[in-house]
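The structure appears below as structure tokens.
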Amino acid sequence: MGIDAIIDALGGPTQVQALLGVGPSAVSNYRARGQFPEYARVRVWQALKARGIMVDPETLSFEAPNTPQQDTPQIGTTDARAISKLPLEPTILLIISGGIAAYKALELIRRMRDRHWHVRVVMTASAQQFITPLSVSALSGNTTYHDLFSLTDEAEMGHIRLAREADVVVVAPSTANLMAKMAYGLADDLASTVLLATGAPVLIAPAMNPFMWANPATQTNKKLLQQRGVRFVGPDSGDMACGEDGAGRLAEPKDIITATEALLPGNGRLNGLKAVVTSGPTHEPIDAVRYIANRSSGKQGHAIAAALAKEGAIVTLISGPVDEPPPGGVALVSVKTAREMETAALAALPSDIAICAAAVGDFSVANESAQKIKKSDDGEAPTLALRQNPDILATISHHQVRPRLVIGFAAETENVVDYAMAKRLRKGADWMLANDVGQADAPVFGSDYNLVHLITAMGNEAWPEVSKQEIANHLIDRIATEFNR
Ligand code: C5P
């Protein structure tokens with residue numbers, strides 16, 4: 001596949017810039033050289049794969065299908081879409097680490113095989129204390145790999161091939177130790193080496209004692225991994241084998257299967273796309289104990305983040321202080337002020353999609369006091385000097401690596417559609433979801449329902465009043481159409 005065809009397939013040079021985090025001149029250089037630099041090939045390969053285009057990861061040329069079929073296009077054909085329709089059995093690389101829940105991996109393998117998935121398994125040394133490679137191989141129908149330095153294993157299937165040939169890597173159960181190794185990029189055994197070398201989506205199903213799970217070290221590692229696009233399923237809460245009760249149980253095999261399914265190439269409609277979502281209010285400090293806030297609950301933004309993740313997008317949710325629990329499968333960045341939200345949003349670029357659903361405070365206090373402001377005896381009230389906050393939506397819309405689709409919300413109390421249309425143009429967003437927040441009998445803030453208009457360059461569409469969840473689903477349908485998914 002020629003470099004021009006690859007750039008077109010990825011949505012054009014701007015998308016390639018965003019994908020690789022490079023400027024326009026770098027992409028021109030690649031075109032002139034007729035190839036991507038070596039370091040970029042895995043990302044390009046992944047992005048093509050996410051779009052259903054199967055190429056060789058080393059050369060970025062078309063691969064031969066696993067099972068030759070009649071009527072299948074030949075290698076070298078230029079019909080990428082025809083290639084993508086080849087029926088390929090997905091390859092799952094299951095990594096089993098040590099823990100009492102390891103026995104549940106056997107049930108998981110059976111369910112994967114029931115779906116005709118090709119299952120390769122890597123076991124850590126401690127996993128082998130709980131179940132044997134023999135029983136794993138009997139169920140998976142494949143050799144089980146465990147030794148980084150085994151000549152036999154390496155001759156049969158090198159660790160790089162193991163990592164590269166997986167469509168999805170599932171770590172189930174994952175110990176706190178393996179999560180920590182992933183977070184730090186350690187590669188001292190086959191499991192951690194493969195995890196470092198893979199370009200495939202990684203799904204972690206943690207299982208550990210509730211105190212180990214709640215430990216700030218584990219939670220920090222989890223957040224870090226999520227920010228890098230690693231997905232999590234579970235842990236569930238309940239009675240533990242160790243006799244304690246709390247969050248730490250391995251997710252049910254059926255839930256691990258569902259989460260894996262969403263990550264298979266071509267399954268989630270937004271598979272592989274990166275999205276950043278802002279949600280909730282901001283708190284702008286007045287002094288050490290007081291702040292200016294608003295009534296946003298974060299329900300709409302969180303529902304959108306959850307719906308994006310369900311469709312396979314890699315989601316960073318940047319949320320102000322809310323009571324709403326973070327949805328599973330998204331990387332949560334908690335912030336307080338508009339400036340913190342802006343920093344986090346820009347750090348999440350490049351991204352394919354940006355959705356600004358946060359009710360960002362328009363002003364912050366310029367003369368913020370480090371100490372609590374005291375009442376004065378003469379009854380004089382202090383004067384707060386306000387300064388305007390950065391406009392995150394406008395900044396993202398005009399950013400050098402602008403997401404392909406930028407969506408904002410416009411909460412208005414009158415002339416809802418007209419104001420929102422003007423706001424779309426002023427802020428440079430592609431779409432605006434406009435809602436009327438002025439109806440005393442149907443408040444939007446905190447409610448589970450919302451009545452919105454979708455405003456695009458093509459005009460304005462009124463959506464029926466439905467739950468915030470349904471609005472999120474409806475929006476995801478539109479986004480999938482926009483990305484031809
Ligand atoms: O200007 P207004 O607050 O009405 O614009 C609303 C839209 O702009 C929302 O999408 C909101 O998330 C976004 N916004 C922002 N940064 C601000 C103010 C609003 O991203 N400082």
Would you mind reporting whether I318 and S279 have side-chain heavy atoms less than 4.5 Å apart?
no

Would you kindly say whether T91 and H118 are connected by a side-chain donor-acceptor distance under 3.5 Å?
no

Shortest non-hydrogen contact from V335 to P321?
O-CD, 3.5 Å

Please name the pair of heavy atoms, one in A172 and one in I256, separated by the smallest distance, quoted to 0.1 Å.
CB-CD1, 4.2 Å

Which atom names give the shortest non-hydrogen contact between A305 and V330, and what distance separates them?
O-CG1, 3.7 Å

For K468 and H302, what are the C-alpha separation, side-chain angles and deciding distance, and is it a side-chain contact (heavy atoms from CB on, under 4.5 Å)?
CA-CA 9 Å; K468 290 180 175 174; H302 279 51; over 6 Å; no

Got N460 and M421 here, is their nearest side-chain heavy-atom distance under 4.5 Å?
yes

Quick one: does E342's side chain have a donor or acceptor within less than 3.5 Å of a partner on P390's backbone?
no

Is there side-chain contact between L308 and I355, with at least one heavy-atom pair below 4.5 Å?
yes

Roughly how far apart are I160 CD1 and E165 CD, rounded to 0.5 Å?
11.5 Å

Could you check whether any side-chain heavy atom of T198 comes within less than 4.5 Å of a side-chain heavy atom of R164, counting everything from C-beta outward?
no

Using atom types as modelled and distance alone, determine if a side-chain donor or acceptor of N389 lies under 3.5 Å from a backbone N or O of G361.
yes

Are any of the side-chain nitrogens in D477 or R269 under 4.0 Å away from the carboxylate oxygens of its partner?
yes

Quick check against the 3.5 Å criterion: does N435 have a side-chain atom that pairs as donor or acceptor with the backbone of L451?
no

Nearest 0.5 Å, what's the CD-CD distance between Q469 and Q300?
8.5 Å

Would you call K336 and E284 a salt bridge, taking side-chain N to carboxylate O under 4.0 Å as the test?
no

Show the nearest heavy-atom pair for residues N294 and A359, with the distance to one decimal.
ND2-O, 2.8 Å

How many angstroms lie between CD1 in I95 and CG in L190, if you round to the nearest 0.5 Å?
7.5 Å

Passing option when V171 is tested against L203, V122, L195, I96 for side chain to side chain contact (heavy atoms under 4.5 Å, CB included):
L195

Might you point out which heavy atoms bring I396 and C356 nearest each other, and give the distance in Å?
CD1-SG, 4.3 Å

Can you tell if the side chain of Q35 reaches within under 4.5 Å of the side chain of T59, non-hydrogen atoms only?
no

NZ of K222 to CG of L225, rounded to nearest 0.5 Å, is 10.0 Å

Name each donor-acceptor pair under 3.5 Å that joins a side chain in residues 403-420 to protein atoms two or more places apart or in another chain, with its distance.
residue, atom, partner, partner atom, Å
R404, NH2, E482, O, 3.1
E412, OE2, K423, NZ, 2.9

Hey, what's the ring geometry for H283 with Y291, parallel, tilted or perpendicular (30° and 60° as the breaks)?
parallel

I'd like to know whether I53 forms a side-chain contact (heavy atoms from CB on, under 4.5 Å) with W45, so could you lay out the CA-CA distance, the side-chain angles of the two residues, the decisive distance to 0.1 Å, and finally the verdict.
CA-CA 9 Å; I53 303 172; W45 168 71; over 6 Å; no

Does V194 reach the side chain of L148, with side-chain heavy atoms less than 4.5 Å apart?
no

Quick check: does any side chain N or O of N367 sit under 3.5 Å from a backbone N or O of A385, one acting as donor and the other as acceptor?
yes

Step by step, would you call D167 with W117 a side-chain contact (heavy atoms from CB on, under 4.5 Å)?
CA-CA 10 Å; D167 288 301; W117 294 349; over 6 Å; no

Using atom types as modelled and distance alone, determine if a side-chain donor or acceptor of S397 lies under 3.5 Å from a backbone N or O of G428.
yes

Look up atom CZ in R478 and atom CG in N473, then write down how far apart they are to the nearest 0.5 Å.
14.0 Å

Applying salt bridge (charged side-chain N to carboxylate O under 4.0 Å, His left out), which residue pairs with at least one partner in residues 175-193 are found, sequence neighbours left out?
K181-D188, K181-D189

With distance as the sole test, does W213 use its side chain to make a donor-acceptor pair with the main-chain N or O of A207 at under 3.5 Å?
no

Should D362 and Q388 count as side-chain neighbours, where that means a heavy-atom distance under 4.5 Å?
no

Return yes if some donor-acceptor pair links the side-chain N/O of T278 with the main-chain N/O of A357 below 3.5 Å, else return no.
yes

Could you report the tightest heavy-atom contact between I3 and Y30, atom names first, then the distance?
CD1-O, 3.3 Å

Any side-chain donor-acceptor pair under 3.5 Å between S237 and R249?
no

Which is it for H453 and E461 under the side-chain contact (heavy atoms from CB on, under 4.5 Å) test, yes or no, and what are the steps along the way?
CA-CA 5 Å; H453 291 254; E461 246 175 58; over 6 Å; no

Can you confirm whether P206 sits close enough to M179 that some side-chain heavy atom of one is under 4.5 Å from a side-chain heavy atom of the other?
yes

Quick check against the 3.5 Å criterion: does E311 have a side-chain atom that pairs as donor or acceptor with the backbone of I476?
no

Can you tell me if H474 uses its side chain to pair, donor with acceptor, with the backbone of E470 under 3.5 Å?
no

Would you find more than 12 non-hydrogen atoms of other residues, nucleotides or ligands less than 6.0 Å from Q400 atom CD?
no

CD1-CG distance between I471 and L433, expressed to the nearest 0.5 angstrom:
7.5 Å

Derivation of the salt bridge (Lys or Arg N to Asp or Glu O under 4.0 Å) call for R402 and D430
CA-CA 11 Å; R402 183 191 196 276; D430 298 302; 3.0 Å; yes

Applying side chain to side chain contact (heavy atoms under 4.5 Å, CB included) between M208 and each of N177, T175, T218, report the one that passes.
T218

Just by distance, do the side chain of S351 and the backbone of A354 share a donor-acceptor pair under 3.5 Å?
no

